[in-house]
Amino acid sequence: MDGLALAEASSAPRWHPTITTDSEGKAMQKRTTKPQAAHPETLSLCTTVAVDLAKQVFQIAGEEAHGELVYEKRLQSREAFSRFLYQIAKGATVLLETGPGAQAWARQVQALGCQVRLLPAQRVAEHRSGAKNDRNDAQAILRAGRDTTIHAVPVKTVEALAMQAAHRVRQGYIRRRTTLGNQIRGLLLEHGLAIPQGAAALSDRVSRILEDATLPLPDLLRELIADMQAEWQALEGRLLLLTKRLEQCAHADKTASRLMSVRGVGPIIATALVAKQVEPARFPNARQFAAYFGLVPDQHSSGQKVRLGKMSKRGDGYLRSLMVEGAHAVLRTLKADSEEVDDRRLNRWMQRHGRKGAAIRLANRNLRIVWVLLQSDARYCRNPSVQPGATIAE
């Protein structure tokens with residue numbers, strides 16, 4: 001660039017947005033990205049309303065029957081959102097994303113006479129476009145609501161949520177008890193004291209170590225181990241009480257008591273299935289119901305090549321682990337010389353696939369039986385020729 005061109009470029013005015021004026025002389029910017037303000041009459045046109053939930057901030061997006069976005073609003077308090085729910089048309093569908101507080105808001109929407117759908121958060125994220133913010137999340141919920149392959153999460157009753165809370169608290173007790181026990185073992189192992197696995201061995205050996213004054217343990221370590229043992233025993237007591245409470249709930253609930261007729265399904269598994277409130281009618285067959293919990297091989301297929309890999313591990317990991325643990329409990333008591341049909345089948349599985357493979361197959365089979373029981377009032381009978389009951393074809 002020569003000197004004259006450089007001087008002209010440096011003296012040129014800086015760029016400013018183009019401003020035009022309308023017929024009345026009011027200044028008006030040509031283009032803006034700010035969304036249009038929401039009006040109550042526009043909300044009445046919405047057939048689907050998506051809400052991105054939070055503790056205090058709620059982002060709302062609504063679309064009309066043809067799928068066009070016609071309403072957007074941001075509410076800054078829970079009270080404002082509660083008042084907003086009364087403005088939604090009775091025939092509209094409200095889409096919510098699963099998360100803390102979603103079940104409570106879903107029950108409130110149902111009480112107002114509107115249809116509500118709870119969409120899984122991981123499936124909603126697949127439909128998000130652009131940056132992660134509340135506005136894009138609300139629009140992603142709208143797009144996920146149009147996806148017919150996404151099944152809504154059931155809106156649970158208060159009783160089912162209480163039972164689910166008991167399972168989560170129990171799971172937390174087990175996790176903290178295991179962590180504390182491993183920490184006690186590790187601290188004592190640094191001083192040459194090894195403790196075998198198991199809760200009984202831990203409780204007995206730690207008490208003996210603390211009572212033995214001849215062991216060369218510092219006083220500070222003895223105090224720490226004593227405090228940790230007291231905390232471990234308190235968790236053990238809470239866990240036993242909560243387990244007994246779940247057993248009482250299982251025997252009092254008719255559905256849970258029928259599910260316990262399945263070999264390998266105890267009170268914990270039965271109450272967990274009842275608390276989940278899965279809708280078996282939406283699965284075309286028992287095979288799809290078992291696959292919903294991830295107890296099937298993962299597929300890597302293309303064209304005419306079918307490749308099956310390891311277990312998919314999709315769905316509810318807590319229930320899947322419980323079903324596998326229940327299957328292992330059955331295999332531990334299995335007799336090799338038994339002549340029963342079920343026992344002979346399990347022995348063949350163990351010979352062909354090993355104990356773990358047989359446990360996965362038994363858990364899958366038990367879920368198929370559960371699918372049948374959830375759709376009827378029958379109880380499962382291992383020998384239908386002796387006692388009528390629900391059976392499943394092999």
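Predicted model only: the values in this text are computed from it and were never measured. Position 1 is the first residue of the sequence; numbering continues from there.
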> Take atom NZ in K132; do more than 12 heavy atoms of anything else shown fall under 6.0 Å from it?
Replying inline: yes
>> Would you say that R332 contacts H328 through its side chain, given a criterion of any heavy-atom pair below 4.5 Å between the two side chains?
In response: yes
>> If I take atom CD from residue Q233 and atom CD from residue E236, how far apart are they, to the nearest 0.5 angstrom?
In response: 9.0 Å
> Distance from L202 atom CG to Q229 atom CD, nearest 0.5 Å?
Replying inline: 7.5 Å
> Among all residues two or more places apart in sequence or in another chain, which pass the side chain to side chain donor-acceptor pair (under 3.5 Å) test with R185?
Replying inline: none
> With the 4.5 Å side-chain cut-off for hydrophobic clustering, are V57 and L53 part of the same group?
Replying inline: no
> Are the side chain of N136 and the backbone of R128 linked by a donor-acceptor contact shorter than 3.5 Å?
Replying inline: no
> Among all residues two or more places apart in sequence or in another chain, which pass the side chain to side chain donor-acceptor pair (under 3.5 Å) test with R143?
Replying inline: none
>> Quick test of your reading of the model: are R123 and E126 salt-bridged, counting only N-O distances below 4.0 Å?
In response: yes
>> So V155 and Q103, do their side chains get closer than 4.5 Å, heavy atoms only?
In response: yes
>> Less than 6.0 angstrom separating the ring centers of F58 and W105, yes or no?
In response: yes
> Do the non-hydrogen side-chain atoms of Q115 and V94 ever get within less than 4.5 Å of each other?
Replying inline: no
> Do Q277 and Q164 get their side chains close enough for a donor-acceptor pair, meaning under 3.5 Å?
Replying inline: no
> Should we say atom CD of E190 is surrounded by more than 12 heavy atoms from elsewhere, each under 6.0 Å from it?
Replying inline: no
> When you look at CG of N285, are more than 12 heavy atoms from neighbouring residues, nucleotides or ligands closer to it than 6.0 Å?
Replying inline: yes
> Do L161 and V278 share a hydrophobic cluster, counting only Ile, Leu, Val, Met, Phe, Trp and Tyr and linking them when any side-chain heavy atoms are less than 4.5 Å apart?
Replying inline: no
>> To the closest 0.5 Å, what do you measure between CG (L224) and CG (D219)?
In response: 11.0 Å
> Is it true that a side-chain atom of T47 and a backbone atom of A92 form a donor plus acceptor pair closer than 3.5 Å?
Replying inline: no
> Which residue pairs satisfy the salt bridge (Lys or Arg N to Asp or Glu O under 4.0 Å) criterion with at least one member in residues 281-294, sequence neighbours excluded?
Replying inline: none
> Given the rule that I, L, V, M, F, W and Y join up when any side-chain heavy atoms are under 4.5 Å apart, are Y173 and I268 in one cluster?
Replying inline: no
> Given the rule in the side chain to side chain contact (heavy atoms under 4.5 Å, CB included) test, do T243 and L239 qualify, once you have shown the distances and angles that lead to the verdict?
Replying inline: CA-CA 6 Å; T243 302; L239 182 60; 4.2 Å; yes
>> If I take atom CZ from residue R320 and atom CG from residue D316, how far apart are they, to the nearest 0.5 angstrom?
In response: 7.5 Å
> Is there a side-chain contact between R205 and L188, using heavy atoms and a 4.5 Å cut-off?
Replying inline: no
>> In terms of relative ring orientation, are Y71 and F84 parallel, tilted or perpendicular, with 30° and 60° separating the classes?
In response: parallel
> Under the side-chain hydrogen bond (donor to acceptor under 3.5 Å, both in side chains) rule, what pairs show up with a residue in residues 353-364, not counting sequence neighbours?
Replying inline: H353-R361, N364-R368
> Which atoms form the tightest heavy-atom contact between I150 and L119, and what is the distance?
Replying inline: CG2-CD2, 4.2 Å
> What closest approach, in Å, do T42 and V70 show between heavy atoms, and which atom pair accounts for it?
Replying inline: CG2-O, 2.7 Å
>> Any heavy-atom pair between the side chains of P267 and L246 that's under 4.5 Å?
In response: no
> Taking the six-membered ring for Trp, are F289 and Y292 parallel (under 30°), tilted (30 to 60°) or perpendicular (over 60°)?
Replying inline: parallel
> How far apart are the C-alpha atoms of H151 and E279, what are their side-chain angles, what is the distance that settles it, and do they pass the side chain to side chain contact (heavy atoms under 4.5 Å, CB included) test?
Replying inline: CA-CA 10 Å; H151 296 282; E279 299 173 350; over 6 Å; no
> Where is the tightest heavy-atom contact between T98 and A121, given as atom of each residue plus distance?
Replying inline: OG1-N, 3.0 Å
> Pairs in or reaching into residues 251-273: which pass side-chain hydrogen bond (donor to acceptor under 3.5 Å, both in side chains), with residues at least two apart or in two chains?
Replying inline: H167-T271, R263-D343
>> Listing request: all salt bridge (Lys or Arg N to Asp or Glu O under 4.0 Å) pairs with a residue in residues 221-231, at least two apart in sequence or in separate chains.
In response: none
> Would you find more than 12 non-hydrogen atoms of other residues, nucleotides or ligands less than 6.0 Å from R344 atom CZ?
Replying inline: no
> Is any side-chain heavy atom of D212 less than 4.5 Å from a side-chain heavy atom of L217?
Replying inline: no
> Do V370 and L259 pass the side chain to side chain contact (heavy atoms under 4.5 Å, CB included) test, and can you show the C-alpha distance, the side-chain angles, and the key distance before you say yes or no?
Replying inline: CA-CA 7 Å; V370 166; L259 294 180; 4.0 Å; yes
>> Return the OG1 to CD distance between T48 and E63, rounded to the nearest 0.5 Å.
In response: 5.0 Å
> Would a 4.5 Å heavy-atom cut-off, applied to side chains only, mark E72 and Q139 as touching?
Replying inline: yes
> What are the two closest non-hydrogen atoms of A358 and W349, and how far apart are they?
Replying inline: CB-CB, 3.8 Å
> What are the two closest non-hydrogen atoms of P196 and A201, and how far apart are they?
Replying inline: O-CB, 3.9 Å
> Can you get from L322 to L374 by hopping between Ile, Leu, Val, Met, Phe, Trp and Tyr side chains that sit under 4.5 Å apart?
Replying inline: yes
>> Any non-hydrogen side-chain atom of L373 less than 4.5 Å from a side-chain atom of R379?
In response: no
> According to a 4.5 Å side-chain heavy-atom criterion applied to Ile, Leu, Val, Met, Phe, Trp and Tyr, with indirect links allowed, do I269 and W371 form part of one hydrophobic cluster?
Replying inline: yes
> What are the two closest non-hydrogen atoms of I195 and I209, and how far apart are they?
Replying inline: CD1-CD1, 4.4 Å
>> As a quick check of understanding, evaluate side chain to side chain contact (heavy atoms under 4.5 Å, CB included) for I360 and V324, giving each step before the final call.
In response: CA-CA 6 Å; I360 298 300; V324 175; 3.8 Å; yes
> When rounded to the nearest 0.5 angstrom, what distance separates CZ in R170 from CZ in R175?
Replying inline: 12.0 Å
